[in-house]
Amino acid sequence: MASATALSWYAARGSASTGPIDFASFISYNGPIMDWVYVEDIAGHAGREVEVRGWVYHKRSSGKVRFLVVRDGTGLLQGTMYSADKDAPLFQTFDALTQESSVLVRGVVREEKRAPGGFELEIREIVPVQISRDYPITPKEHSTPFLMEHRHLWLRSEKQHAVLRVRAEVVKAIRDFFDGRGFRLMDTPILTPSACEGTTTLFETAYFDQKAYLSQSGQLYNEATAMAFGKVYCFGPTFRAERSKTRKHLIEFWMVEPEVAFATLEDITVLGEDLVLFIIDRVLTRRRADLDILERDVKPLERVAKPFPRLRYEEILPRLQEKGSTIKFGDDFGAPEEALLSEFYDVPVCISHFPAAVKAFYMQPAPDRPDLALGVDVIASESYGEIIGGGQRIHDLDLLEERIREHRLPREAYEWYLDLRKYGSVPHSGFGLGVERTVSWMCGIKHIRETIPFPRLLYRIYP
RNA sequence: UCCUCGGUAGCUCAAUCGGCAGAGCGGGUGGCUGUUAACCACUAGGUUGCAGGUUCGAGUCCUGCCCGAGGAGCCA
């Protein structure tokens with residue numbers, strides 16, 4: 001009887017009411033909700049009468065038969081109704097519904113091959129909760145600028161659901177991977193007193209009467225927590241005030257950064273490979289249905305295996321030049337170089353031993369080649385670009401002091417960081433993996449902006 | 001920040017040489033017993049991004065500005 005109570009609560013408002021909703025009476029309803037079923041669980045309810053609560057995704061009518069497709073956030077369910085009387089009350093209620101109106105729908109679940117999803121609801125009752133007017137996103141095509149302007153509504157569509165479910169799975173996989181290997185989660189601050197690397201542009205904000213900056217990496221703090229806990233990771237949003245305007249850049253993005261005491265470049269490279277493989281495996285086994293919706297060809301993901309091709313910067317340079325790249329020793333990789341790599345290899349590759357001059361101040365130099373840095377980048381296949389950047393950090397106090405001087409960084413701000421080299425310093429390494437680039441690679445979608453619910457882009461902060 | 005392209009109905013776009021501003025979708029009305037972006041008929045819907053200029057006449061040509069997209073550099 002409890003579910004009947006819920007239905008009658010809505011029904012009492014009138015079947016096509018658009019007035020204010022009486023939430024107080026809804027809150028006072030406290031009986032068990034026995035028949036409320038989510039669409040993703042519908043298969044277990046065949047033959048039973050259930051209530052689905054959701055929004056009108058689509059509707060069609062054909063004389064004496066009507067179809068109502070409802071989405072409830074977990075899936076889509078088609079409901080049907082028949083009547084010889086076109087003015088039947090149920091039909092009148094149906095006719096008043098518009099796209100994205102919120103509804104309670106009650107009916108009997110039936111297996112039905114003709115219905116999308118294989119199950120169907122024989123509708124007995126429809127109770128509108130709120131009728132929406134002029135929903136802007138129609139079932140036809142829209143331009144990306146228009147959809148971005150309506151991102152808060154775009155999230156309701158099927159493809160966006162698939163991408164964001166993959167994102168949730170990638171995040172879960174990352175946490176499970178590190179937690180399962182005994183890494184401690186160390187949340188690093190978002191408000192920081194100074195640059196982590198000094199090179200990239202930072203968002204400045206007021207910290208009472210001081211200046212503060214939004215973090216562009218948790219790494220330096222992670223080096224401190226790694227010396228405290230051995231192996232750690234931080235996972236959170238990162239901010240870069242660079243005027244980047246490409247499909248691979250967000251102003252605000254999520255990054256996971258492990259840091260391991262006593263680990264070398266080799267150790268951290270293997271860790272990165274294992275992480276990437278773990279994520280791919282999780283997405284392939286648990287989110288295959290979403291990859292199907294996105295029409296993702298999974299073969300490029302399935303063929304990724306250990307070890308990834310390992311290349312030193314100096315090894316790959318002549319091959320790039322042979323293919324027409326204008327890159328010369330000392331230059332960092334650009335988009336054309338990443339694209340060429342995707343021609344050479346159909347799997348991700350690890351590039352290491354970059355010229356020290358183009359890398360961050362904290363990078364450990366190679367023992368036999370001080371002009372090279374012990375850094376490693378993992379470049380995803382299919383031109384999805386750099387997903388991992390990391391390496392071995394300087395552990396020697398004198399060298400680090402020298403680098404801070406060379407880069408003209410304010411020493412006072414780095415006193416605590418130098419302390420880590422004074423009290424039990426050890427070789428240590430870590431990397432950062434970009435969540436959105438990884439998700440766009442998994443999903444096979446070209447633009448990173450769809451891999452986060454509300455992307456922050458150059459010149460776009462709405463909604 | 002630089003280069004390139006674009007802005008016409010709610011949306012996606014068309015409009016020939018500078019000569020009556022249009023179509024599909026969506027909305028509304030009616031029809032149809034299995035629709036899958038349903039279909040059929042009718043119907044309403046316009047400050048052509050903004051400001052100025054050339055011209056008998058500008059969506060179209062010129063100048064400036066605003067907004068957006070693609071790419072580069074930088075990086076995850």
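Nothing here was measured: the structure is a model prediction, and the numbers come from that model. For the numbers below, each heavy atom of this structure counts, side chains included, while hydrogens, waters and symmetry mates do not. Below, chains carry the letters A, B, ... as their sequence lines are ordered, and counting in each starts from 1.
Here B/rU35 sits opposite no nucleotide as a Watson-Crick or G-U wobble pair (both hydrogen-bonding atom distances under 3.5 Å). With both pairing distances under 3.5 Å, B/rU29 is matched to B/rA41 as a Watson-Crick or G-U wobble pair. Pairing for B/rA51 is with B/rU63, a Watson-Crick or G-U wobble pair whose two hydrogen-bonding atom distances lie under 3.5 Å. In this structure, B/rU1 forms a base pair with B/rA72, meeting either the Watson-Crick or the G-U wobble geometry with both donor-acceptor distances under 3.5 Å. The partner of B/rG57 cannot be assigned: no Watson-Crick or G-U wobble pair with both contacts below 3.5 Å exists in any strand. Nucleotide B/rG22 is matched to B/rC13 when pairs are restricted to Watson-Crick or G-U wobble geometry with both distances under 3.5 angstrom.
An aromatic stack links A/F253 and the base of B/rA76, using centre distance under 5.5 Å and interplanar angle under 30°.
Taking the P atoms as reference points, B/rC74 lies 25 Å from B/rG68, given to the whole Å. Using C1' as the reference atom, B/rU12 and B/rU16 are 22 Å apart when rounded to the nearest Å. Remark: the separation of the P atoms in B/rG22 and B/rG30 is 28 Å, to the nearest Å. Here the separation of B/rG64 from B/rG28, taken at their P atoms, is 46 Å to the nearest Å. Comparing the C1' positions of B/rG70 and B/rC32 gives a spacing of 46 Å, expressed to the nearest Å. The same atom, P, is picked in B/rU8 and in B/rG49; the two are 6 Å apart, to the nearest Å. B/rU43 and B/rG24 have their P atoms separated by 12 Å, given to the nearest Å. The separation of B/rG46 from B/rG52, taken at their P atoms, amounts to 23 Å, rounded to a whole angstrom.
If you take CD of A/E338 and C1' of B/rA72, they are 13 Å apart, rounded to a whole angstrom. Residue A/I461 contributes atom CD1, which lies 15 Å from atom P of B/rC67 at whole-angstrom precision. Taking atom CG of A/L97 as the reference point, atom P of B/rG28 lies 12 Å away to the nearest angstrom. Whole-Å rounding puts the A/D95 CG to B/rC32 P distance at 12 Å. Protein atom CG of A/D134 is 12 Å distant from nucleotide atom C1' of B/rG45, rounded to whole Å. To the nearest angstrom, C1' of B/rG70 lies 14 Å from NZ of A/K248. The interatomic distance linking A/F333 (CZ) with B/rA72 (C1') rounds to 18 Å, in whole Å. Rounded to whole angstrom, the span from the CZ atom of A/F146 across to the C1' atom of B/rG68 amounts to 14 Å.
Between the base of B/rG68 and the side chain of A/E149 there is no donor-acceptor pair shorter than 3.5 Å. Scanning atom types as modelled, no donor and acceptor separated by under 3.5 angstrom connect the side chain of A/S62 and the base of B/rC39. Taking only distance into account, the side chain of A/R437 meets the base of B/rC75 through a donor-acceptor pair shorter than 3.5 Å. For B/rG27, the base has no donor-acceptor partner in the side chain of A/Y135 [N/O atoms by modelled type, under 3.5 angstrom]. Between the side chain of A/T138 and the base of B/rC25, no donor-acceptor pair of N or O atoms lies under 3.5 Å. Judged by distance alone with a 3.5 Å cut-off, no donor-acceptor contact links the side chain of A/H142 to the base of B/rC11.
More than 12 heavy atoms of other residues, nucleotides or ligands sit less than 6.0 Å from atom NZ of A/K59. Around the CD atom of A/E406, the shell of radius 6.0 Å holds more than 12 heavy atoms that belong to other residues, nucleotides or ligands.
In terms of position on RNA chain B, the residue among A/K359 and A/M148 whose nearest nucleotide sits closer to the 5' end is A/M148. Nearer the 5' end of RNA chain B, as judged by each residue's closest nucleotide, is the contact made by A/R66, out of A/R460 and A/R66.
Of all nucleotides listed (B/rU1, B/rC75, B/rU33), B/rU1 comes nearest to the side chain of A/Y459. Comparing B/rC74, B/rC32, B/rG73 by their closest approach to the side chain of A/R243 singles out B/rG73. Which of B/rC74, B/rU33, B/rA76 sits closest to the side chain of A/S244 comes down to B/rC74. The listed nucleotides are B/rA76, B/rG34, B/rU12; the one nearest the side chain of A/Q78 is B/rG34. Here B/rC75 is the nucleotide among B/rG70, B/rC75, B/rG73 with the atom lying nearest to any side-chain atom of A/D332. Set against B/rC74, B/rG34, B/rU1, the side chain of A/K245 has B/rU1 as its closest nucleotide. Checked against B/rG73, B/rU33, B/rU12, the side chain of A/V65 finds its nearest nucleotide in B/rU33. Nearest nucleotide to the side chain of A/R247, out of B/rG71, B/rC74, B/rU1: B/rG71.
At a threshold of 4.0 angstrom between heavy atoms, the contacts of A/I137 with the nucleic acid are absent. If you check every strand for non-hydrogen atoms under 4.0 Å, A/I387 touches sugar and phosphate atoms only. Nucleic acid contact class of A/G334 (heavy atoms, under 4.0 Å, all strands): sugar-phosphate only. Heavy atoms of A/T98 sit nowhere under 4.0 angstrom from any nucleic acid atom. Residue A/F67 is classed as a base contact, given a heavy-atom separation below 4.0 Å to a base. Among the atoms of the strands shown, none is found under 4.0 Å from any heavy atom of A/P136. Among the heavy atoms of the strands, none lies under 4.0 Å from A/H150.
Aromatic ring orientation, A/Y233 versus A/F178: parallel (interplanar angle below 30°, classes split at 30° and 60°).
Salt bridge absent: A/K323 and A/E337 never bring a charged side-chain N and a carboxylate O closer than 4.0 Å. Comment: A/R296 engages A/E382 in a salt bridge, judged by a side-chain N to carboxylate O separation of less than 4.0 angstrom.
Checked by atom type, the side-chain pair A/T80/A/E122 shows no donor-acceptor distance below 3.5 Å. Between the side chains of A/E436 and A/W254, no donor N or O sits under 3.5 Å from an acceptor N or O. When only modelled atom types and interatomic distance are considered, A/R151 and A/Q160 share a side-chain donor-acceptor pair under 3.5 Å.
Against the 90° criterion about 0, the sugar-base torsion of B/rC17 places it in the syn range.
Residue A/H447 places at least one side-chain N or O under 4.0 Å from the OP1 or OP2 atom of B/rG70.
The list of ring pair (Phe, Tyr, Trp, His ring centres under 6.0 Å) pairs with a residue in residues 80-126 of chain A, not counting sequence neighbours, is empty. Evaluation of the ring pair (Phe, Tyr, Trp, His ring centres under 6.0 Å) test over residues 129-152 of chain A, restricted to residues two or more places apart or in two chains, returns A/H142-A/F146, A/F146-A/H150.
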